[in-house]
Amino acid sequence: MRRQIPLLITLIVGAVLIIAAFIPRAPFGRLGENFSLYFDIIAVFAFLLGGGNLVRIHGARLVRGVGMAVTEAKKGGGAWPLRFVIEFPFLAFGGLKDRRGRDWFFSLITLLGFFAMLAAGLLKLGNPSGWQGNVTAPEGMFQDFYDSMFNPLQATMYALLAFFVASASYRAFRAKSAEATILLVTAFIILLGRTPAGAYVTAWMPESLSFLTVPNLANWVMAIPNLAGQRAIIIGIALGVIAMSLRVIIGIERTYLGSDEK
Amino acid sequence: MTEQTVERRAIWYLLGFLAVVLAFVLSMALKGFTQQGFYVTLGAFLTLSILSFLYKDNIFYKMAEHLFVGVSAAYWMVMGFWSVMVPNLIGKIHPPAVKPFMPAIASQPASYWYLIPAVLGIMLLWRLMPKGAWIARWALAFIVGTTAGLNFIRYMASDLLGQINSSMVPLVVIQNGSLDIMTTISNLVLFLGVFCGLIYFFFSKEHKGVFGVGSKIGIWILMVTFGAGFGYTVMARISLLVGRFRFLFDDWLGLLK
Amino acid sequence: MPSCWVNALVRCVIHALSPSVSVPRERARESRTLLRFFAPALLFLGLVAATVFAQAPNGGAAPRSVSDPQAADTKGDEGGSIMLRWTLSPDDSAGQVTGYEVFRAAKPDGPFKSVGFASRGSARFADGSTDDDSSYYYKIITTGPGGSTETAVIGPARSTAEWFNSNRANVLVIGLLISGAVLYYIASAKKGKKLFIRRIAGLEAVHDAIGRATEMGRPILYIPGIQDMDDVQTVAGVTILGYVARTIAEYDTKLEVPTSRSIVMSTARETIKAAFLSAGRPEKYSDDMVNYITDEQFGYVAAVDGIMVREKPATCFYMGAFFAEALIMAETGNSIGAIQIAGTAMPAQLPFFVAACDYTLIGEELFAASAYLSNEPRQLGSLKGQDVGKSIAMLAIAAGTALFTLNQILRAEWFASAGQWLKNLFIVN
Amino acid sequence: MTNGVNKTFLEKMQAIDRRVIFLFIGLAVALPLLFHVVFTEKITPIVGAIYDRVENLPEGSKVLISFDYSPSTVPEIQPMVDAVLRHCAARKVKIYIMGLWATGQNIADETISRVLKPEFPAYQYGEDYVNLGYKSGNQGLINVILTDLKKMYTTDVHGTAIDSIPMMAPIRNLRNFDLILSFGGGFPGMKEWVLFAGDPGRIPVAGGVTAVSAPQLYPYYPSQLLGLMGGIKGAAEYESEVIRHYSRFENSSHPGIDMMGPQAVAHIVIILFIVVGNVAYFLTRRREAEND
């Protein structure tokens, strides 16, 4: 029973949404749209699960780690709080022998960041227009935190890609096989074509061969063979999604629902 | 580890820690001890901490990473609360309740349909209860059913039909009585590419003989696509790094004019 | 005045074309003089006219009006909309038209109010603000830099709601065809019909990769994408996790699944729990295998990179929807020497997985993976059904291409219209 | 002896430590930035299509600009937005600003106060431009406002009722716009605008995306997508074109053009590394073949 009801829910919800796509009249016409809105709401409820998990894990590590660090400091005897302060960097940055509590200081950072941001946002601290103001209004504490921490962290993490893209292309673009050579040659043309250098390399070509200049070739590769491959991939994906959705709806694919037993 | 080495390590750690604090304070002195100066310095400090990961994992990266996790998790929760929970749930079920926050929507009529996601959300949370954790599966079943139903139609209509539609092009293009060579070649490549690409994806037929040749061409076309996608993207990635360097050089150090 | 010129032109042309036509001598001489004098000038003027005609027949003047305007209910909608169609103004392509403004009134004699503007080149406009209980009258005003002209009042038109979205009839038919094929092969596989499924290298490698982690005594990292459960790729990623977890349960290997969404965390826990149970090892399962990190894409990848360099997993799986973080993870995974198996239907990220991972499931293969790994006849049957879908797509593309090609070569109207008909079957509404 | 040394050198060239590559990339970006290296750009048809459409919009046309990105892609997207915004304002069209991304709202505010207010003082809020702000719902939001904008937007970003904003009077839904411009790169973004607004509503959609998303959008051009700016190069092309036609913008900032310098150098560095790797690979193979 515990398994049948969820399967039935999936079947009904999935089938109704598919049928509703063909009925423009209310309430069917807006069903898909409304269900998407419902999903967003459920996702916010779920934040409690995720956030709870985050706090639980880091909280536990913090408590355990601080305990261990204090024990460690007390071992030296004398004025252990003073010892704790002096040895703090050591005790905080991985100096503890027991793995389970070693990263306590980092967990503390996570928790501080989490609660500071949460408080600033939920209470709209420092918001120029108070409760009614937009939570992301400039000068609010939430936005300040965002600008000074979230933004540089996010942008830099993203920027790491500049380095990784270089190391990956150095390693992967090597003419070891027919496929790898094609990959290499195409990437090479496009790379050149995206810079002013591409235009200079083939600038000597006569007008009649202009389609062979690197920028034109790069544009052609983007517009034609790339497009062909994209289309094949997209059509394949669409069929994959259709079959997968059907399997889910009729209940053949149900690993996500857990087991029959409790 | 003897007690002495531990002590020595602790001292080194302490010195390192102080050096970082000092560097921070000095950098702030450059920008002026204002809130703005503090924020820019903090941003630069975090930027450098993340970049240090390129050399190897270290405590600066680890600190930045942990801060990022905490701050960003809370960020999305707050956004979810103010942009979904308040206007789309509370504001729909009991509009007067949101009057202190969003007076504009407080007078709209209540819509009790939104009790559905509320109930499903609570079901999902039920797994925290000691008993009846299985009830959460009902909510999951609803979510997965919605995903399956919506995506079935969405991919069917836009991706499948749309791409088939635009793949129908003449293989030979004759303009004013003469062959348009460029377009003809392009269309041939396009057709062959889509066709062979699809052959590659066949699961229930062995890729041998003519079919094998088609599938081979299919892989080649896919490789062209991947090479092109890769090459095209490099630019974007470099731009991001340029953005970070500009921040460091300009906003923080004031080197660019 | 212009008609006079046209007359002269026509006469000249007739004379030029028919030199042998017997005409009174005087008249003939007159025409010849006319010709001699005017022919070069006329030829020049004709050329100019021809070019100008193609661009701006009545430069500076108001554009000519649209013709054949019609107003009728928008078909296959929920009501509240009337569709207006017209034949473009002859001046449209000449760039003398800026657009078409649609005016509406409740009575044929007005007052008319503008309801919208269709830009140059568009021959239809949907007035999406009608009330199903009222009748409306319309007129269409063609505007251009030189002024504007309006059509006569058309109407009355009413909007109605329909029970069937006729614009989507093609989606219905093709959907039924493909679903039918999938269901048919599922049913026939259930009856015991043997199906051939080709080898998918990335999936063959799954067992070895798990075995390797066990031998090395290092954990396995599984990333089910960074999107929520409303993305079908995440559903695929989580189902594949189910099969991977079943294999892992048989070994003594640590599994780590960091997730970037709370709902995915819940679902992944259910999935792994069930997998361990069906492998007969429920006691080995713990909720700590799956942890929520953060919804933020780059915060998530920062943490995953941290896990990679500190715990050094021997095997990394990336199955689901990925964005830019794909390469950050795959390159870090590569630097620690992990075996990496990726699968995504994000075309933009496929190149990076192909470059940095050992095996990559490309698009459709991601959705086929769970069926393939399950090795269950019914699931495999659905793969055969997918192939039928591909055959339909290939047939349609081939037929459409053939018709359009024949039209180019033979210039026969029939091929063009047949091709267009076929193409329209696949139009997206 | 020499042979042995060479071989190890070749092997080294085949497996350069990634940190060496990282260092070179860092320098390739930092040095041109510090020493201000710039190149000139020529417009390509796919970008030109957008430029021409905006250029030919009659005064008072209604253009919707959607900010669908976050600070992480600002360096790549913002130059396009600035250039297009300047162009639109120079054409005196009415600009409607919104965002599918929560993060887009702040960026929009920032853009308005940095570009629109100081450079076009005649532009009046509510008359010539309006900021509708962010609403959640992704493609669902587009779906709704395709038929009824006021269902989702009852106020603008400042809380002013929509009905009291003069330029909102002629707007019932998305179909009332002459052009929709989306800037972004992820989900939701341009693809959703095409599928949920452009196609069903037959509204011209164009805009700019990060270079990584551009190849995915090529299939929609030109039938479903009017034009596309891909990455910084797209921005640099648009900037060059705007500057070429409007002398008043000669002294405006042009980050796209500025950023092409580091771009070009970094690209060449990557290309060189690929060449070195391949040459070393071939030499090793040939030597192995000779030794056999």
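A, B, ... follow the sequence lines: proteins, then strands. Residue 1 opens every chain.
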Novice: Using only non-hydrogen atoms and a strict under-4.5 angstrom cutoff, which residues of residues 45-52 of chain A touch chain B?
Specialist: Phe45(A), Ala46(A), Phe47(A), Leu48(A), Leu49(A), Gly51(A)
Novice: Please identify, among Leu190(B), Ile199(B), Asp159(B), Val84(B), the residue contributing the most non-hydrogen atom pairs under 4.5 Å to chain A.
Specialist: Leu190(B)
Novice: Considering non-hydrogen atoms only, spot the tightest contact between Met149(A) and Leu46(B) and give its length.
Specialist: CA-CD1, 3.8 Å
Novice: Evaluate whether atom CD of Gln132(A) has more than 12 neighbouring non-hydrogen atoms of other residues, nucleotides or ligands under 6.0 angstrom away.
Specialist: yes
Novice: Under 4.5 Å heavy-atom distance to chain A, tell me which part of Ile122(B) shows up: side chain, backbone, both or neither.
Specialist: both
Novice: If you take all heavy atoms of Ser186(B) and Ile224(A), which pair is closest and at what distance?
Specialist: O-CG2, 3.2 Å
Novice: Please list all pairs meeting side chain to side chain donor-acceptor pair (under 3.5 Å) that have one or both residues in residues 61-81 of chain B, counting only residues at least two apart or in different chains.
Specialist: Asp103(A)-Lys62(B), Glu65(B)-Arg310(C), Ser72(B)-Thr294(C), Trp76(B)-Glu296(C)
Novice: For Leu67(B), is it the side chain, the backbone, both, or neither that has a heavy atom closer than 4.5 Å to a heavy atom of chain A?
Specialist: both
Novice: Using modelled atom types only, decide if a donor and an acceptor are shared between the side chain of Trp220(B) and the backbone of Gly193(B) within a distance under 3.5 Å.
Specialist: no
Novice: Where does the angle between the aromatic ring planes of Tyr38(A) and Tyr114(B) fall among parallel (under 30°), tilted (30 to 60°) and perpendicular (over 60°)?
Specialist: perpendicular
Novice: In terms of heavy-atom proximity below 4.5 Å to chain A, should Phe101(B) be classed as side chain, backbone, both, or neither?
Specialist: both
Novice: At a 4.5 Å cut-off on heavy atoms, which part of Trp12(B) comes close to chain A: side chain, backbone, both, or neither?
Specialist: neither
Novice: Please state whether the side chain, the backbone, both or neither of Leu198(B) comes within less than 4.5 Å of a heavy atom of chain A.
Specialist: both
Novice: With a 4.5 Å cut-off on heavy-atom pairs, point out which of Thr147(B), Ile164(B), Ile153(B), Ile221(B) contacts chain A the most.
Specialist: Ile153(B)
Novice: Heavy-atom distance under 4.5 Å between the side chains of Val189(B) and Trp220(A), does that happen here?
Specialist: yes
Novice: I'd like to verify something: which residue of Ala118(B), Ser83(B), Gly16(B) has the highest number of heavy-atom pairs under 4.5 Å with chain A?
Specialist: Ala118(B)
Novice: Relative to the ring of Phe17(B), is the ring of Phe93(A) parallel (under 30°), tilted (30 to 60°) or perpendicular (over 60°)?
Specialist: tilted
Novice: For Leu241(B), is it the side chain, the backbone, both or neither that has a heavy atom under 4.5 Å from a heavy atom of chain A?
Specialist: both
Novice: Between Phe39(A) and Phe35(A) (judged by ring centroids, cut-off 6.0 Å), do the two rings come close enough to count as a pair?
Specialist: no
Novice: Is chain A contacted by the side chain of Trp138(B), its backbone, both, or neither, given a heavy-atom distance below 4.5 Å?
Specialist: both
Novice: Is the Phe84(A) ring parallel, tilted or perpendicular to the Trp104(A) ring (thresholds 30°, 60°)?
Specialist: tilted
Novice: Side chain from CB out, backbone as N, CA, C, O: work out which of these in Leu54(B) comes under 4.5 Å of a heavy atom of chain A, or both, or neither.
Specialist: side chain
Novice: Which bit of Ile50(B) comes within less than 4.5 Å of chain A, counting heavy atoms only: side chain, backbone, both or neither?
Specialist: both
Novice: Using non-hydrogen atoms and a 4.5 Å limit, figure out which bit of Phe68(B) sits close to chain A: side chain, backbone, both or neither.
Specialist: both
